[in-house]
Amino acid sequence: MPELPEVETVRRGLADHVVHRTVADVEVLRERAVRRHPGGAVDLAARLRGARFGAAVRRGKYLWLPLDRADDAGESGEALLIHLGMSGQVLVKDSVDGTAGVDGTDGSGSGAPHLRVRLTLADGGEVWFVDQRTFGHLLVADLVPTADGGPGGVGSSMPALPQEVAHIARDLLDPGLAVGTPGRAALLRRLRSRRTGIKRALLDQTLVSGVGNIYADEGLWRARVHYAQEAATMSRARTEALLEGVAEVMHGALAVGGTSFDSLYVNVNGASGYFDRSLVAYGQAGRPCARCGTPIVREPFMNRSSFRCPRCQRAPRHG
DNA sequence: ATGCCTACCTGGGAGC
DNA sequence: TGCTCCCAGGTAGGCA
């Protein structure tokens with residue numbers, strides 16, 4: 001499933017291959033894929049037709065492309081907002097050639113098995129939103145000022161972001177959360193004021209974004225922290241080490257995922273397959289801990305699962 | 001405000 | 001073989 005590093009890989013692919021191109025037409029094959037767009041498919045298409053993509057920006061797992069209007073050559077104050085959900089992909093097809101094999105299909109016909117939205121570009125290229133489970137979605141959003149006056153996200157220099165993303169915190173790849181910055185200090189303060197388990201706090205997108213179940217477990221393993229450790233009981237140094245652990249895993253995945261697409265298409269699923277092999281905690285129940293050899297255990301957590309080393313990540317004492 | 005729970009959705013795999 | 005059930009999980013929204 002697309003995690004933050006995969007979304008960043010997609011962002012870079014869109015920045016290289018889609019920015020500065022203009023939308024000619026929009027075809028919504030599954031209404032659900034645009035369910036969060038207030039006007040539905042018809043309005044979404046109307047807003048995109050004739051618009052030119054100005055940049056590719058990301059905050060957490062949200063991705064957006066600010067729109068310029070071809071007619072007045074100015075910024076529209078809107079953006080195409082994309083969330084890949086759990087199975088979403090963005091595929092870019094350049095003009096004419098069939099790009100056989102895209103998404104593992106034979107390239108015949110005019111669509112992938114789970115093609116939900118197809119954008120036709122003015123130069124003949126296409127952008128496909130493919131999503132098996134349709135947890136992901138597209139919408140055209142209004143841009144609003146950022147709360148802290150900083151850039152909206154990675155890939156942008158403008159202090160604006162989609163209204164739908166305004167409540168989402170910066171992520172660990174964002175320069176605004178780099179070690180030593182005011183943003184980082186504020187994050188540490190907020191994390192350490194939470195009276196809940198540290199993993200719940202890590203997953204709270206209003207504190208820090210882009211950390212899902214996989215990266216939380218991997219980061220906790222690296223920092224040797226139990227998921228139920230109350231956030232407010234952790235030292236500043238330990239909390240910082242945990243954030244660094246999560247960030248290191250993300251950087252590692254990004255290094256692998258960044259090689260997963262070529263000039264013709266962006267393939268989200270291509271990245272995760274390689275990265276899966278480097279996981280040391282998530283999904284590793286029964287396999288020896290890479291540090292101490294104790295078998296990794298799987299435990300229920302928030303109607304899902306947590307994986308940890310029972311020796312390196314001891315359960316917190318509680319009264 | 002904080003903390004916590006549930007619905008949403010679909011296909012792959014396990015179990016019978 | 002075909003059926004049922006479980007599982008994955010980010011996010012919004014609603015509750016106390």
Side-chain angles (χ1 to χ4, degrees), chain A residues 1-8 10 28-38 58-64 81-90 103-105 112-117 129-139 141 147 153 161-172 186-187 189-220 227-233 246 250 253 268-269 272-273 275-276 279 281-286 298-307 318:
Chain A
M1 112 222 30
E3 295 281 337
L4 184 143
E6 286 86 8
V7 180
E8 173 61 12
V10 173
V28 176
L29 294 94
R30 173 77 62 104
E31 190 76 24
R32 178 174 158 76
V34 299
R35 65 193 176 283
R36 304 246 175 233
H37 184 81
R58 182 192 56 72
R59 177 181 286 214
K61 296 180 185 176
Y62 281 96
L63 186 61
W64 66 93
L81 180 63
I82 304 172
H83 197 292
L84 300 176
M86 297 177 59
S87 54
Q89 294 174 283
V90 178
D103 192 40
T105 66
H114 305 289
L115 178 59
R116 306 308 187 200
V117 180
F129 178 67
V130 175
D131 189 1
Q132 176 198 95
R133 292 167 65 183
T134 327
F135 262 47
H137 62 275
L138 306 185
L139 62 85
L161 78 179
Q163 188 187 328
E164 287 78 359
V165 185
H167 66 291
I168 301 291
R170 294 184 184 280
D171 59 71
L172 292 172
L187 168 58
R189 276 198 306 275
R190 294 189 67 196
L191 263 179
R192 301 214 298 127
S193 72
R194 285 299 182 103
R195 303 188 64 83
T196 188
I198 186 62
K199 183 171 172 181
R200 283 180 183 272
L202 274 182
L203 296 176
D204 183 341
Q205 304 295 300
T206 68
L207 292 174
V208 59
S209 68
V211 184
N213 206 32
I214 295 175
Y215 287 80
D217 280 3
E218 293 295 308
L220 287 164
Y227 59 83
Q229 180 74 47
E230 190 179 310
T233 67
V246 175
M250 287 180 173
V268 173
N269 287 345
S272 52
F275 183 60
D276 285 350
L279 297 177
Y282 180 84
Q284 307 301 305
R298 168 184 166 176
E299 294 162 332
F301 176 82
M302 293 174 74
N303 288 326
R304 288 171 176 71
S305 297
S306 262
F307 298 87
H318 54 277

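Reminder, nothing fancy here: chain letters follow the sequence lines and each chain counts from 1.
A:F301 comes within contact range of no nucleotide atom at all, as no heavy-atom separation falls under 4.0 Å. Within 4.0 Å (heavy atoms only), A:H167 reaches sugar-phosphate atoms of the nucleic acid but no base atom. A:R35 comes within 4.0 angstrom of nothing in the nucleic acid, heavy atoms only. Counting non-hydrogen atoms under 4.0 angstrom, A:T134 reaches nothing in the nucleic acid.
OP1 or OP2 of B:dT6 has at least one side-chain nitrogen or oxygen of A:N303 nearer than 4.0 Å. The shortest distance between the side-chain N/O atoms of A:Y215 and the OP1/OP2 oxygens of C:dG10 is not below 4.0 Å. Taking 4.0 angstrom as the limit, A:H83 places a side-chain polar atom (N or O) nearer than this to OP1 or OP2 of C:dT11. Under 4.0 angstrom from either OP1 or OP2 of B:dC4 there lies at least one side-chain N or O belonging to A:T196.
In this structure, A:R133 places its CZ atom 12 Å from P of B:dC9, rounding to the nearest Å. A:R36 places its CZ atom 10 Å from the P atom of B:dC9, with the value rounded to the nearest Å. The distance from atom CD1 of A:I168 to atom C1' of C:dT11 is 8 Å, rounded to the nearest whole Å. One can place CG of A:L4 at 10 Å from P of C:dT11, the figure rounded to the nearest angstrom. Computed from coordinates, the A:Q205 CD to C:dG13 C1' distance equals 15 Å when rounded to whole Å. Between the P atom of C:dG10 and the CG atom of A:D131 lies a distance of 14 Å, rounded to the nearest Å. For the pair A:H137 NE2 and B:dT10 P, the interatomic distance rounds to 16 Å; values are reported in whole Å. Following rounding to the nearest Å, A:M86 (CE) and B:dC9 (P) show an atom-to-atom distance of 14 Å.
Each of B:dC5, B:dT2, C:dG10 was ranked by its minimum atom distance to the side chain of A:N213; first place goes to C:dG10. Looking at the side chain of A:F135, the nearest of the listed nucleotides C:dA12, B:dC8, B:dG3 is B:dC8. Closest to the side chain of A:K61, from the set B:dG3, C:dA8, C:dG10, is C:dG10.
If you find the closest nucleotide of DNA chain B to A:G197 and to A:R116, the one lying nearer the 5' end belongs to A:G197. Both A:R200 and A:R32 lie near DNA chain B, and the one whose nearest nucleotide falls closer to the 5' end is A:R200.
The existence of a salt bridge linking A:D171 and A:K61 is excluded, since no basic side-chain nitrogen approaches an acidic carboxylate oxygen closer than 4.0 Å.
Within a 6.0 Å sphere centred on CZ of A:R195, heavy atoms belonging to other residues, nucleotides or ligands number 12 at most.
Side-chain contact, A:Y62 with A:E164: no donor N or O sits under 3.5 Å from an acceptor N or O.
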Verdict with supporting geometry, A:S305 and A:R298, side chain to side chain donor-acceptor pair (under 3.5 Å): CA-CA 6 Å; A:S305 297; A:R298 168 184 166 176; 2.9 Å; yes
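With A:Q89 contributing its side chain and A:F129 its backbone, the two residues share no donor-acceptor pair below 3.5 Å.
Ring geometry for A:Y227 against A:F301 counts as perpendicular: the plane angle is over 60°, on a 0 to 90° scale with 30° as the lower cut.
A donor N or O paired with an acceptor N or O is found under 3.5 Å between the base of C:dG10 and the side-chain atoms of A:R304.
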